[in-house]
Amino acid sequence: MGVAEPDPARIATELQSLGLKVALDLDPRRGGAGPAEGGAIVLGGRALSVPTASPFVANSPYELRAEGGEAVLLRHGQELMPVGLIPRPGFLKRRTKSGMPFRQLALMHGADCLASTVLQTCAHWASGRRCRFCGIELSLTGGGTLARKEPDDLAEAAAWAAAHDGVTHVVLTTGCAGEPGAEVAHLARCARAVKNASNLAVHVQLTPPEDPVALEKLKRSGADTVGIHIECYDREVLARQAPAKAALGRRRFLETWRAAVEVFGPGQVESFLLAGLGEPEESLLEGAEAMASLGVFPFLVPLRPIPGSLMADSPPPDPERMARLYEDLAAILAARGLRSAECLAGCVRCGACSALAFYEKEPRPLVCHQARNLGERAQALRIRHRVFVEEQGIFENADLDQADSRAVHLVARLEGRIVGTVRTFPVDGKGHWIGGRLAVLKTARASGAAQLLVREAVRTAKVQGCLRFTAHIQEPNVLFFRRLGWRVESEPFDYRGRPHRLMSANLDKA
Ligand code: SF4
């Protein structure tokens, strides 16, 4: 009987929940706006940030032994596998022309990401409304960093790190500057300066701004990707753990994500989902589904209790639970065609604070999601025109109507190409939704795209409170819908010169 190979996904998950005992200095982060506290190693070829200094780490079965440049991971004192150490970047010893130490401006995150909190203060820090898991102002004590980083200084640091330390992308984050979005002007100046000086891919993180035009301003300034982090999809838990974010309301996040995907593109917008805040698993997966269908990457991260933060004594989530969540989230990403490897910059590209990348699968060849930007909506409408106007002649010139402006439009993509569409919308305030305009290109009709679109349309409506889902089905397609579990609800009737029947979906199967 052979000895089982160590499973990097499992080990990464446990390390982030249990911590790593280290005798050497891993160039740790002690505070900051993200999941700070810890150091980074390279496990299975991926950078992984792990807790090293919190009190619970003393009970971890994992420890790191390093000798002569080689590092080995041990579990309960037994050697498990070699791991990589991330070389200390040279920029930490450099200064700007004006004498400012680079290390006060930015840090290396993961293996190749330069990260800076450009405004290291938060309007909610001293009030009772700050995020309980955040440690943004902790690193200001002791002079380790500056409250405000200036664009020209950051640009110098980024250019040097790109040229000498193998940095390939930059994360610029901030605390809340007051009104949501007030931090945009400074973020935009920093993004522009960094881009001009280094040509690195730039990621910016902000709270949902009042005016989505701010997103276009950031894009024009050189930002390639954006993070708009809700942290938790459960309203009550969010209100408890991050009251200022909760006060913005879920709708504000959804609208900003939509607008951001329009500007930055599908898969180039991210939101953290923190596990371990007390949220039910279903809410976390509901949030992940909602984001992924819009083209927002749900970045699942286990709570990292930062010493000094209001959640310093909260334990990180159980690794069993994290493994389950990662598996489920990986399936959601594959079904929506999202991949971290396609993200240009930011936490999703770095990935060090999450074990998600260890679980990711290849996207399925056939995926379905909402039409996420103007281009995808235009393609969906072209397919409808081809089917209902050119092929079937049901409409003379165009099949567009008033319902299109309020409908959710879904598309099916086969091997990356949009091949079909369907729309769904509520007809009353009592939970009745209608589906329609199901259209699939002739060349893709054997692919299963129609079945997938119908199922996803019903599911999309159901998560938005649908209690009854109906559609007018052309007589030759009744059997197809019966096979999907739909019920016939009327005798045939004429609609635009063709026999149709009213049918309803089985919501229990959605
Ligand atoms: S995932 Fe984000 S916060 Fe974490 S180390 Fe990478 S860049 Fe920093």
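We count ligands from 1, going down the list as the structure has it; atoms in each ligand are counted the same way.
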Q. Under 4.0 Å between a Lys/Arg side-chain N and an Asp/Glu carboxylate O for E137 and R130?
A.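 No, this pair does not count.
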Q.
Closer than 4.0 angstrom, basic N to acidic O: yes or no for R459 and E456?
A.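 Salt bridge: yes.
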Q: Could you list which atoms of ligand 1 come closer than 4.0 Å to a heavy atom of C353?
A: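 Selected atoms, number and element: 1 (S), 3 (S), 4 (Fe), 5 (S).
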Q. Should the proximity of S49 to ligand 1, defined as any heavy atom under 4.0 Å, be assigned to the side chain, the backbone, both, or neither?
A.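 Neither; nothing of S49 gets under 4.0 Å from ligand 1.
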Q.
When you measure from atom 8 (Fe) of ligand 1 to the N, O or S atoms of H109, does any of those distances fall below 2.8 Å?
A.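 Yes.
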Q. Do the non-hydrogen side-chain atoms of H186 and E183 ever get within less than 4.5 Å of each other?
A.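 Side-chain contact under 4.5 Å: no.
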Q) So between C350, G346, C347, G110, whose heavy atom ends up nearest atom 3 (S) of ligand 1? A)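 It is C347 whose heavy atom sits nearest to atom 3 (S) of ligand 1.
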Q.
Side chains of Q268 and H203 only: does a donor on one sit below 3.5 Å from an acceptor on the other?
A.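 The criterion, which ignores hydrogens and geometry beyond distance, is not satisfied for H203 and Q268.
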